[in-house]
Amino acid sequence: MKRMQFVAIVVLASSLTFWGQGMAQTPKRGGILSTFLNGDPTRLDVHQETGLQAQQATAGVYSGLLHIDPNDGRSIVGDLAKSWQFSNGGKTVTFALHENVKWHDGRPFSSEDVKASFDRLLDPKFRSPRCGGLVRPLVDSVSVVNANTVRFELKFPTKTIENSLASSWCRVVAKHILERDGDLQRPESQIGTGPFKFERYTRDSIVEWVRNPDYFRSGLPHLDGVKLFIIPDKNRALSAAKAGQLHLWTTSPALTTSQAMELKNARGDQVTIYDTPTNAIWGVIPHNEKGPFTDPDLRMAAHLAMDRKELFEKNQEGIGTPCAILDPGLYGDFALPLSEVEKLPGCRSPKSLDIQEGKRLVAKNYPGGVDVDMIARTTGGDFVNQTQLVAAQLAKVGIRANIRLMEGAAGLAAYRSGEFEAIGSQATGMISSDPVGVFSLAFYSKSARNWGRLSDVKVDAWIDEAQREQDRGRKIEILHKMQRYLLSEAPASLVVGWANGWYFYDNRLNNYHHPPTSYDNNTYMSVWLE
């Protein structure tokens, strides 16, 4: 099922070097790294927001207890935690913290800040779609042992806590700033312990960081600063990359094959371009509690009408894994085999069988067809084009999508408030490497990112069971059962699939490693420029 434009890719790949850089002998100090955000973040609270822009705008400002090792882009290592230990049968985790760490305003960091951060995230009244969604199912409480030691009591033994705490959304924030400001939405509230200080945010223009001279890791960062230009238009961002104005492209949407070839032709050996999974699941999200999609027959009709292969061909130039809820390339045998996925209604060939059944289901309750209010965000991804393609497919079975365009931040606000009947296209980037995280983020009734208000007792029970299950074989069985159910019996959220894409970095940039998600390894603490 995974389809690629082989000729273009082989020609392009033959002139590229492998994207994982090794550590050079002597890092160079100085220079300003230039990259971009695909939209204006507007709101900056990394605990509270869900958009990629908010996380990337503040990534280098904060530290976590754990993080993805910037020197390999894969391993989980300590950040503010210099070590940690499991006890009490795996239900207690004790973290020893680095000493002499300072907040950017000069105040000392301590375990009280860790407790304040996670008390906030664990509060069920606090909306935290990302980190809150990761830690609430796992963590019972957090307590201070002493100024440099903090203890997490878990609800059950699980190593998944390491993946969750390493998420770039699970940053430790300053207790005194929370007490002073109430939240972290404003630029003046961005006081962290990270390698860079938050210098400037000009709406619709730029976010800037400057080097933190008091960073607790000696000799880091190497850069003097980072500039994140706000460029919502993908073509304009590509033009900037071709002109050498950007040092790397790490954000969504990724470059298509033709765009990567265009960049290669413009920059030649000055850049390294590589193809990798985006680690984001693309879907159409019907509202399950209002409008016509409360009818399960209509949801099934939409599921049958959607031709995922065509969507990938027309929007992704054929790169990706259509129909899969878990991508086997990312999640291995936790994913339902593609050979089985391809035979399910909505994913099978020929498509004519699905269209015929979809028409029957619509005509059953809506003989003249049905109109649906469908929103699409104009920034943050290729959502408008994707939504138009989806609307054309739905029309084949009698579902008429009236597309309403919304600016990126306004669109997210509409998602949260439920002011839609369907979201025409939205990518959900994963925030940890745990396969259960895909379901707890996108399909769990208690997830703050469950915008379609999906509430299915079977799905919730399977997610809870999979989170607790320690036996790998049994966990695979649970996840396979849930994937079959979501793809065939209860299409309450309409998965399109997992996209691949092309990224690049300037060859003057050293020690950069592409991360497992779009949110990781973007503090730039260990990179340098020649």
TODO: Give the intermediate values and the outcome of salt bridge (charged side-chain N to carboxylate O under 4.0 Å, His left out) for residues Lys314 and Glu310.
DONE: CA-CA 6 Å; Lys314 291 186 175 180; Glu310 182 182 70; 3.7 Å; yes

TODO: For side chain to side chain contact (heavy atoms under 4.5 Å, CB included), just list the numbers for Lys234 and Leu238, CA-CA rounded to whole Å, side-chain angles, deciding distance to a tenth of an Å, and then say yes or no.
DONE: CA-CA 6 Å; Lys234 188 180 181 182; Leu238 178 59; 5.7 Å; no

Task: side chain to side chain contact (heavy atoms under 4.5 Å, CB included) assessment of Met482 paired with Ile463 - done: CA-CA 9 Å; Met482 184 156 45; Ile463 292 172; 3.8 Å; yes

Task: Audit row: Arg377, Glu407, side chain to side chain contact (heavy atoms under 4.5 Å, CB included) steps and yes/no - done: CA-CA 6 Å; Arg377 294 169 63 211; Glu407 184 272 330; over 6 Å; no

TODO: Assess whether side chain to side chain contact (heavy atoms under 4.5 Å, CB included) is satisfied between Leu228 and Ile206, documenting all intermediate values.
DONE: CA-CA 6 Å; Leu228 301 111; Ile206 194 171; 5.8 Å; no

Task: Residue pair Lys155, Asp140: steps toward the salt bridge (charged side-chain N to carboxylate O under 4.0 Å, His left out) verdict - done: CA-CA 5 Å; Lys155 295 180 178 179; Asp140 188 53; 5.7 Å; no

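Ion pair Glu465/Arg474 flagged as a salt bridge, since at least one NZ, NE, NH1 or NH2 atom sits closer than 4.0 Å to an Asp/Glu carboxylate oxygen. Using a 4.0 Å cut-off between charged side-chain N and carboxylate O, Asp371 and Arg400 make a salt bridge. With respect to Asp45 and Arg120, a salt bridge is recorded, a charged nitrogen being found less than 4.0 Å from a carboxylate O. No salt bridge links Arg130 with Glu49; every basic N to acidic carboxylate O contact stays at or beyond 4.0 Å. At a threshold of 4.0 Å, the pair Asp333-Arg472 counts as salt-bridged, since one of the basic side-chain nitrogens sits closer than that to a carboxylate oxygen. Checked for salt-bridge contact, Lys475 and Glu469 miss the test: no charged N lies under 4.0 Å from a carboxylate O. A salt bridge does not link Lys351 with Asp307: none of the charged nitrogens is closer than 4.0 Å to a carboxylate oxygen. Taking the charged nitrogens against the carboxylate oxygens, Arg348 and Glu342 have no contact shorter than 4.0 Å, which rules out a salt bridge.
Judged purely by distance below 3.5 Å, without hydrogens or angles, the side chains of Asp434 and Gln467 never pair a donor atom with an acceptor atom. Of the N and O atoms on the side chains of Trp502 and Thr257, at least one donor lies less than 3.5 Å from an acceptor on the other residue. If you check the side chains of Tyr62 and Gln190, you find a donor sitting under 3.5 Å from an acceptor.
Ring centroids of Tyr505 and His247 are separated by 6.0 Å or more, keeping the two rings apart. Between Phe383 and Trp282, the ring center distance fails the sub-6.0 Å criterion. In summary, the aromatic rings of Trp169 and Tyr519 are positioned with their centroids under 6.0 Å apart.
Formation of a donor-acceptor pair under 3.5 Å by the Asn288 side chain with backbone atoms of Gly452 is found in this model. Using a distance-only test at 3.5 Å, with no hydrogens or angles considered, a donor-acceptor pair links the side chain of Glu317 to the main chain of Ser258. No side-chain donor-acceptor contact under 3.5 Å links Thr278 to the backbone of Gly501. Without hydrogens or angle criteria, Ser252 side chain to Ala254 main chain gives no donor-acceptor distance under 3.5 Å. A donor-acceptor pair under 3.5 Å is formed between the side chain of Gln483 and the backbone N or O of Leu479. Although no hydrogens or angles enter the test, the distance criterion places no donor-acceptor pair under 3.5 Å between the side chain of Glu357 and the main chain of Ile355. Using modelled atom types, one side-chain atom of Asp40 and one backbone atom of Asp204 make a donor-acceptor pair closer than 3.5 Å. Although no hydrogens or angles enter the test, the distance criterion places a donor-acceptor pair under 3.5 Å between the side chain of Asp354 and the main chain of Gly346. Ser189 contributes no side-chain N or O that, together with a main-chain N or O of Gln185, makes up a donor-acceptor pair within less than 3.5 Å. A donor-acceptor pair under 3.5 Å is absent between the side-chain atoms of Arg203 and the main chain of Tyr201, judged by distance alone.
Counting only heavy atoms from C-beta outward, the side chains of Leu263 and Leu255 approach each other to under 4.5 Å. Between Thr378 and Pro232, every side-chain heavy-atom pair lies at or beyond the 4.5 Å cut-off. At a threshold of 4.5 Å between non-hydrogen side-chain atoms, the residues Thr321 and Phe312 do not count as touching. Between Lys264 and Glu262 there is no side-chain heavy-atom pair separated by less than 4.5 Å. Residues Phe443 and Asn450 fail the side-chain proximity criterion, which asks for heavy atoms closer than 4.5 Å. Side-chain contact between Ile161 and Val139: present, with at least one pair of heavy atoms (C-beta onward) separated by less than 4.5 Å. Side chains of Pro322 and Leu311 form no contact here, defined as non-hydrogen atoms less than 4.5 Å apart. Tyr274 has its side chain within reach of Tyr503: a pair of non-hydrogen atoms, C-beta onward, lies under 4.5 Å apart.
Every pair passing ring-ring contact (aromatic ring centres under 6.0 Å, His included) that includes a residue from residues 455-484 is listed here, sequence neighbours excluded: Trp462-Tyr485.
Taking CZ from Arg136 and SG from Cys131, the interatomic distance works out to 9.0 Å, rounded to the nearest 0.5 Å. Atom CG of Leu184 and atom CZ of Arg186 lie 8.5 Å apart (nearest 0.5 Å). Atoms CG and CZ, from Asn38 and Phe229 in turn, are 15.5 Å apart once rounded to the nearest 0.5 Å. A distance of 9.0 Å separates OG in Ser445 from CG in Asp456, rounded to the nearest 0.5 Å. Of the inter-residue distances, the one linking Gln259 atom CD with Asn235 atom CG reads 6.5 Å to the nearest 0.5 angstrom. Remark: Leu487 CG to Leu494 CG distance equals 10.5 Å, nearest 0.5 Å.
For the ring-ring contact (aromatic ring centres under 6.0 Å, His included) test, no residue two or more places apart in sequence or in another chain qualifies with Phe293.
Ring geometry for Tyr415 versus Phe420: interplanar angle over 60°, hence perpendicular rather than tilted (30 to 60°). Classified by interplanar angle (parallel below 30°, tilted 30° to 60°, perpendicular above 60°), the ring pair Tyr512/His514 is perpendicular.
A pairwise comparison of heavy atoms in Phe118 and Cys170 identifies CZ-O, 4.3 Å as the closest pair. The minimum heavy-atom distance between Ile285 and Ser493, with the atom names listed, is CG1-OG, 4.4 Å. Nearest heavy atoms, Ala409 versus Thr42: CB-OG1, 3.7 Å. Between Leu441 and Ser447, the shortest heavy-atom contact is O-OG, 2.7 Å. Annotation for Ala237 and Ile231: closest pair N-CG2, 3.6 Å, computed over non-hydrogen atoms. Pairing each heavy atom of Ala466 with each of Ile478, the nearest pair is CB-CG2, 4.0 Å.
Other residues, nucleotides and ligands contribute at most 12 non-hydrogen atoms within 6.0 Å of the NZ atom of Lys446. With a 6.0 Å radius and a threshold of 12 heavy atoms from other residues, nucleotides or ligands, Glu340 has its CD atom above the threshold.
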